[in-house]
Structure formats: structure tokens, C-alpha cells
Amino acid sequence: MKNEANRLSTVYNPAEVENKWYAVWEESGYFSEKNNKDGQPFCIVMPPPNVTGQLHMGHALDSTMQDILTRFRRMQGYRTLWLPGTDHAGIATQAKVEANIAKDGLHKDDLGREKFLEKVWEWKDQYHERITKQQRLLGSSCDWAQERFTLDEGCSEAVQEVFIRLYEKGLIYRGSYIINWCPKCQTTISDIEVEHEDHAGHLWYFQYPLQDGSGFIEIATTRPETMLGDVAVAVNPEDERYRDMIGKMLVLPIVGREIPVIADDYVDPSFGTGAVKITPAHDPNDFEIGLRHHLPQVVVIGKDAKMTAEAGKYAGMDRYVCREKIVAELDSLGLFHKKEEISHAVGTCYRCGSVIEPLVSPQWFVKMKPLAEPAMEAVKTGDIRFVPERFSKIYLGWLENIRDWCISRQLWWGHRIPVWYCDDCGELICQKDAPTVCPKCGSKQLHQDPDVLDTWFSSGLWPFSTLGWPQKTELLDAFYPTSVLVTGRDIIFFWVARMIFLGLEFMGKKPFDEVLIHGLVLDAQGRKMSKSLGNGIDPLEIIAQYGADSLRFMLITGNTPGNDLRFQEERLEAARNFTNKIWNASRFVLMNLEDYVPNQGSLQLTLADKWILQELKNTVQNVTDNLQKYELGEAARNLYDFTWDKFCDWYIELAKARLYKGTAEEKYTAQTVLANVLQQILQLLHPFMPFITEELWQHLPHEGETIMLSHWPQAQKMSSYAQEASDMGLIMDVIRSVRNIRSEMNVPPGKKAQILLCAEEAQQEVLKQGLLYIQILAQADKVQIANKESEAPSQSASAHQKGVDIFVPLKGLIDLEKESARLQKEIAAAEKELQKVSGKLQNAGFLAKAPAQVIEKEQGKQKEMQEKIAALSARLQILR
RNA sequence: GGAGGCAUAGCUCAGUUGGUUAGAGCGCUGCGUUCACAUCGCAGAGGUCUUGGGUUCGAAUCCCUAUGCCUCCACCA
């Protein structure tokens, strides 16, 4: 085994190791749920990345978290399925492909629907390939055999089924309503796809003359160009200024149309002039008012964001150019009063940033109220739990004010709406397969609805469509509801909410037990990573430079659920250094396992062995608990501390004496503990750092083919050594004290020291067990243990720890001034502590109400501090 | 206009049911290359836990308030 260890280089090279293992895992079928067929099911469906491009840091975080949970549960023996997939991402992908063919001077209409879709499928294949490769490089242990695509056959069938059932139930309807139109993408978008940006704008004041010539009403608007479509002016019925005018007619300037003054509660008398021009065809509020008052809809802006024929002489003009012209014309008519600078929210398209045009258009909608109710109930009752909990408020708030969901998109890439219309009688036929004749009039002139469905309509079915629904499948039976959904907080509305109400509606059961929400990966300055800023970091470049394990560990540490995290090079280096530490600790262990044959000797556990075993037990417990609570960052920190501080800095050093100079039994014991503890460290770390842990585990004595399927350590099955751990703590304190003295007194490291330890009998026993450790770690050639009453050697530095007086004779080396300063500092610290403790213990309330345990602890501390002060003060006296 | 988050060491952040001598990484100071690792070791400096109240025997932790920064939601023309 020595040769093998020597073959490992002193610096860990992730690329070499990572490249080989993923292929082995995948080919061996380790990712399959079939591995723990009898275990309890554990399932995560992967939030499907868009096939628009490549994975970014957010995906890396998302996948790492899911992989950690998946690997953890798999090792715990669960029947584990992490189901991967990708999303066709309607608008986004179509936009990319349109831009791509535009390079060749082509428009999608030049190709036609079918040819264009061929191009999109090519694009999809290419990026799908790239994305899944990236997932593999990250180490994601998802079951590729179960991979799905939102537009594959099964998912498409699920989409049709859902659409038809909702339609038949009256929860999907078609109607002409005001929708959000993106003039650039040339499609509707849903309300949540509209982003509200504050823009600097103007509020213009215009006067509309009364038809009877008795004056005018002044209105205020931010969009003068829409006045061409005005059909009324509304005032608040309580507003005395306008009470007499209600019911009168106005003459719409420029157009000459007669429009009524109407009363509606919606109008806020305190804003603007208290009179609002009403344009039902181009404003959502006005649309509602128009319905209430049976007003016509005059469409003056078209889908190209240009003025329509209805706009008369302005027809064909861009909406913003028209705005200027209208203002100018009203001014020339003497109807322009004033202009105010205001900042107001403008709706923009989340994809392309264009200003949204509210338009009236026949579209398909999902009736939300009946679906939202049970979805809210599921979270309110705790049936579905958000982690962190605060996100449930955000979720509920959204559903409370939900409006119907516009699901039709004027795109080609997506699920075609399963509806046909009869050209002759207008009959609407909603069914899976194309009808041949109209069931009403028998006509054969039928055409399918040209629109496709919102991408989120299909991803909303993801937790059950991917498991086989609407077919009855074993997977669906076993894994639905899934265990936990891991996703970014930015898509709670888009995706999480929709999965919940669609899951409840179609499966009758929630889609997952818990929703683990994570934040965004920000750049080093705390800004969102974005293409426009050019501050995005490619996970692949980081993996090439630092390795996937380091990237994963960096993304997980120092982060708590739901919070954003900054991507910093230094943190990456820290993670890289940690992998290197693990690598070298393992090299050390392997080098010393040369003559080791497991289970072939007798064990004689020492204090140090029992201490590290107790620490390991604690770590197993903490890591397991934290993983169960989704505190991944804490779990990672537990492992970092145990591995580096406890195992490397202390235990390995403590074991060296027995490895180099021990008897056969001592050596065998040290070897066994080293190998076992390291083996379990690797297991516990495996979910976080799959590659390096597999590599090293394979070199160590082990059972089984892969660490991936090894059994997760169980704390309750491990022996407890609480007393020994506490005893070892004393030894470590003594060592630290001596080291401190040596360092402060500038004792050269090469110079061996002599140490005198004075203690009560019980502690003497403990110190004796730690003699060797003190010798080695404090570089002492002689350690003497004596009674409390023993005389202190002259010219020595001293310290006091938990009842033990520590003396380090420093003949000729001691600087009296320095030593007394050092002692005074120690005394001051102890006094400060003593004051705090005594204060508590003198407080009657504390004694009366604090738990006995806490009081005992404080009493112990008080005694300890008093002793320490006494001992150190005595030394100080002698020095003087 | 609503809602949420954050504020702890020079920097970036942990600190999970209130009781720790308030921690880590990086940075900083001193010492160190005897063979696991300089992507390292040892020792150390550095914090009135943003302000002001409150609850409590006890608050970084719970409540209120102020300030600053960030984010989300929202049909005031």
C-alpha cells in the first residue's frame, strides 16, 4: 500500500480524478433507483434547465444542493431517484433561434412553421447535449435513464390531458380580454412575466371640451397617444367638482367623437385632476371600467406597437412618435395645459425589455380562483413546507391576489393548443387528436388553434408528468409525492405555485413535501450576475481550474438557506486548499498502512483514540442532523472543522509516536483508528465532494464497490467516550499553554523543553496518559508530574489550566519582564471572566430561576477562574 | 403604495429552539521547511454583535423603534 500512496502526488490534481469517476458511476448504474429497491423512497425532480444555452452558477448551486441531498439519502439506504430533465423554454428558445437565423438574413416566416421548428429541434439537441455534459462534470448523480424533456412524447401527452380536462371542467376558457402584449416577441405574456420598472416620464394635462359648450374637463395622462381610443372620461361619484358634469357629453379633441362623463369609484379624486380618460382597449383598468359601463373598445395601437387605421391621420405611426405629435396638436388647439415630471412604473417584457402594450385580444386563460384555494390550503396547513419558512408568506400573498392566467402564446415552439375550429360554423373542438369533421355541422374545413401554451404550463406538471402520468406507472406510485423541491426563490411564482395547484388538481396530492429555496449567486461585489453586466462566471472554467469538488464545497459553505451568496475567488481557494488537505491527510494515512491488515490484531485504544472517536461520533450526529434540516452550510462546516482541526492538526500528530516508535499492538491500533476515522470522513464528505472522496476511499481498506453506495455512518451505533474526550481536552489545554509560553518567550522550536505539571491525584492519572502527547506536541524531552505542593523551579514560565499548574523552566532564556507581562495579561482575562461569573452568581434572580445545570456550570467556572488567578498571582509575586 | 431580507473582526460571512471566554476563511503580526500537506504548521493581534427602548435571572439571538443597504410584489391615470 505504501507504493500506492507514493504514487499519489503531493498536490491534488482534480482533473485527473474527476474525469475517470463519473463514467464509472454512470456505467455501473449507481445512479439508478434500483440500487436500494427495498428502501423508503426519496425523490427529487430536477428543475429543468432551459435548453437556451448553458448552465450558469445558479444552476451549479441548485444541482449541488440536490446532489448532496440525493447522495446523502442514497447512502442512508433510501430508494433514491433524482430525475433530470430540460425545459423547452418557449419564448426564450424561439428568440434565440430567430436571432440565429437572422444572421443569415432569415425570418421565421421565410422558413414556415415546420422548417423553423426543425431548426429549433437542432438547437435543442445541441444545447441539451451541452447542459447534460455540464451536469456530469459537476458530479450530479441523477438517473439519466429517467431523463425527460418538457416537449417529449409523454410530457406532451400530459399537457394535452390536463388542458382538455381543465377545459371540460370550465377551468380553462377562451375570451377576449386585455392582455400583456410584447411588440418585440410578438406574443402575449402572463402577468408575472411583466416586469415593472420605474421610468422617468411625464404627466400631461389636457382639456376636453363639453359638447354643450359650457366649458371643459381637464384630464391627466402619461400616455397621450391613447387618447385617440378614449371612449369616456371618468370621475369619482363623490367628487363635488364634477358632480354636475356626470352624464354630460364631451367632444374628444382631434377625433371629434362624443364621449360621456361617467362616474366610477375607481377614480381617485386626489390624483391628477380627478378626471380620468378611459381607453378600454389599451389599459387594464380602463378595460374593467369599460366593461362595467358597457363602453366600446377602440383599438388605436396594433400588435406592432404602431397606430392603427382607427387612429386616422396617425395611422402607421410609432406609438412614441405619435405621443409627441398628439401633444403638439393638442397644444396647437389650445387644449394643452401643462406637463409634470413624474416617475411611474412601466411594464416591460422580462425577456426582451420592450415596453408592454396592453391589448384586447382573444386568448386562452386558466381560471385561477378555484385552483388557488387548495394550493394555499396545502401550505397553510403545513402539508407543504417551505424552507426557510418565510417564503410561504410570499407564496400565499401571491396566490391571494391571483388573476386568471393567460396561457396562449403566439409562438411556434411549444405545446400546440389541442383545439380545432370549424371554418363553417365556428364550432370549437377540444380533444387530443385532430378531428376529421365538425361534430356540429359535418364540415371538413377545420383548422387547429395556431397558438402554443405557456412554457410554465408544461413545467407545472413536471413532478407527475416525468413519473409517467397520465399512465399509471410503478415510478409514479412509488415516488409521488416527491420528497423535496430545490429551487431558486426567483421562480416561486412561475413554477413552484403552478406545480402545487396542478399537482393537487390532477393527482389529488401535493407534488412534494418540502420546498427548499436558495438565493442567487452574486458576483464578488454583490451584484446579480447578468449577461448585460458581463460579470457571469462559467462553472466549467472554475471546474477546469479548481475542480468540481472545490466549486461545490465553496457554493455550499458559509451559506444559509434562502440567502444570496457572493462568488469570491478567495473562498474558492479555501475550498481548494481543503481538498488538498484531505488529499494529503489520506496520503499520510496510506503511507502508514503499508503493513496493515484489517482485523488481524488486537486493539488497545488510548486516550487520543477515544477522543477522536468521540469527536467523530459528534460530527456524524451533527452532519446528519444538519443535512436532515437542510442546513447544508452548517454540515459542511462541521466536516471542515473536524477534518482539519481535529483529525489533521491533532489526531494525526498524536498518532505519529505510536506509528513510528510503538509496539506492534500500539501501531496496529493507531493504524486501525486512522483508517476507520478517515474512511468515515470520506463517507460524510462524499455528498459534498463526490470525486475526491471516491478516489481516496478506493485506496483505503473498504467494503463494496463504491463509496456512493456505502452505508452512511450512524452515530447511535458508535461507542461513547465522553469522559476520555474531556480528559483529552485537559491534555490539549496543557499543550496549548506550553506552546504559548514557548512562542511568547521566543524559545527556538528545536530546543527541547522540560515541563513540570503539578496537579491533584485524579488529574495526575489523566496527565500520565497524556505524557507522550505532551512530549511530542509541546516539544518537551522531559515531563514531570508532581503534587500540588511541589516547589516551582526557579526561572520558569508558568501557566494554569483547569487546576493544573504548568511550569516551563527556562534557565537563561526567561525574560522576567516579558513573563510578568504575560502573566498579568492572563490574570486580567481571568478576572474579567470571574467578574462576569460572580455577577451572575450573586444575582438572586439567576439562582432562583436559571436551570440547575446552568448554575452548576457557572459555579465550576467561578472556581476555575479563582484558582487560576490565585496560581498566576502567586507566580507573579515570586517573579517580583 | 404594500411585503420581505440584511446590518457581527480590516474584507466576505457563520452563529438553528435565549445561558459559548461570540467563531471561520481571507488579510495582518511573530516564529517555523525532523519525511502527509508552504494549497502547510505553531503562537498571536483584532469585535461596546448598526442606534434607542422593551421582555427576561440572563439578549448577537425574542419584541418595538430609528437609520442605512438590498430584493420582491403592486392596474393610481
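Every chain is numbered from 1 and lettered A, B, ... according to where its sequence line falls, protein lines coming before strand lines.
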I'd like to know if A:Arg566 reaches the base of B:U12 with its side chain such that a donor and an acceptor end up less than 3.5 angstrom apart.
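Answer no: no donor N or O sits under 3.5 Å from an acceptor.
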Round to a whole Å and report the spacing from [atom1] of [X] to [atom2] of [N].
{"X": "A:Asp645", "N": "B:A43", "atom1": "CG", "atom2": "C1'", "result": "14 Å"}
{"X": "A:Glu570", "N": "B:A24", "atom1": "CD", "atom2": "P", "result": "18 Å"}
{"X": "A:Asn584", "N": "B:C35", "atom1": "CG", "atom2": "P", "result": "13 Å"}
{"X": "A:Ile492", "N": "B:G4", "atom1": "CD1", "atom2": "P", "result": "14 Å"}
{"X": "A:Asn563", "N": "B:G15", "atom1": "CG", "atom2": "P", "result": "8 Å"}
{"X": "A:Glu573", "N": "B:C11", "atom1": "CD", "atom2": "C1'", "result": "14 Å"}

Rounded distance in Å between the [atom1] positions of [N] and [M]:
{"N": "B:G47", "M": "B:A60", "atom1": "C1'", "result": "11 Å"}
{"N": "B:C72", "M": "B:A9", "atom1": "P", "result": "27 Å"}
{"N": "B:C40", "M": "B:A66", "atom1": "P", "result": "48 Å"}
{"N": "B:G46", "M": "B:U21", "atom1": "C1'", "result": "16 Å"}
{"N": "B:A59", "M": "B:G15", "atom1": "C1'", "result": "14 Å"}

Just call it for [X]: base, sugar-phosphate, or nothing, with non-hydrogen atoms closer than 4.0 Å on any strand.
{"X": "A:Lys656", "result": "base"}
{"X": "A:Ala574", "result": "sugar-phosphate"}
{"X": "A:Thr579", "result": "nothing"}
{"X": "A:Phe287", "result": "nothing"}

Between A:Arg637 and B:A14, does any side-chain N or O lie under 4.0 Å from OP1 or OP2?
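No.
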Parallel, tilted or perpendicular, as decided by the 30° and 60° cut-offs, for the rings of A:Trp398 and A:Phe493:
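Rings of A:Phe493 and A:Trp398: parallel, under 30°.
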Ring-ring centroid check A:Phe553 A:Phe578, cutoff 6.0 Å
yes
What does [N] pair with, Watson-Crick or G-U, if both distances are under 3.5 Å?
{"N": "B:C69", "answer": "B:G5"}
{"N": "B:C42", "answer": "B:G30"}
{"N": "B:U55", "answer": "none"}

Against A:Lys581, only a single residue in A:Tyr12, A:Trp644, A:Tyr640 fulfils side-chain contact (heavy atoms from CB on, under 4.5 Å); can you say which?
A:Trp644
Return yes if some donor-acceptor pair links the side-chain N/O of A:Arg489 with the main-chain N/O of A:His518 below 3.5 Å, else return no.
no
Only pairs at least two apart or in different chains count here, so list each salt bridge (charged side-chain N to carboxylate O under 4.0 Å, His left out) that has a residue in residues 271-288 of chain A.
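As it turns out, the salt bridge (charged side-chain N to carboxylate O under 4.0 Å, His left out) pairs with a partner in residues 271-288 of chain A, which skip direct neighbours, are A:Asp230-A:Lys277.
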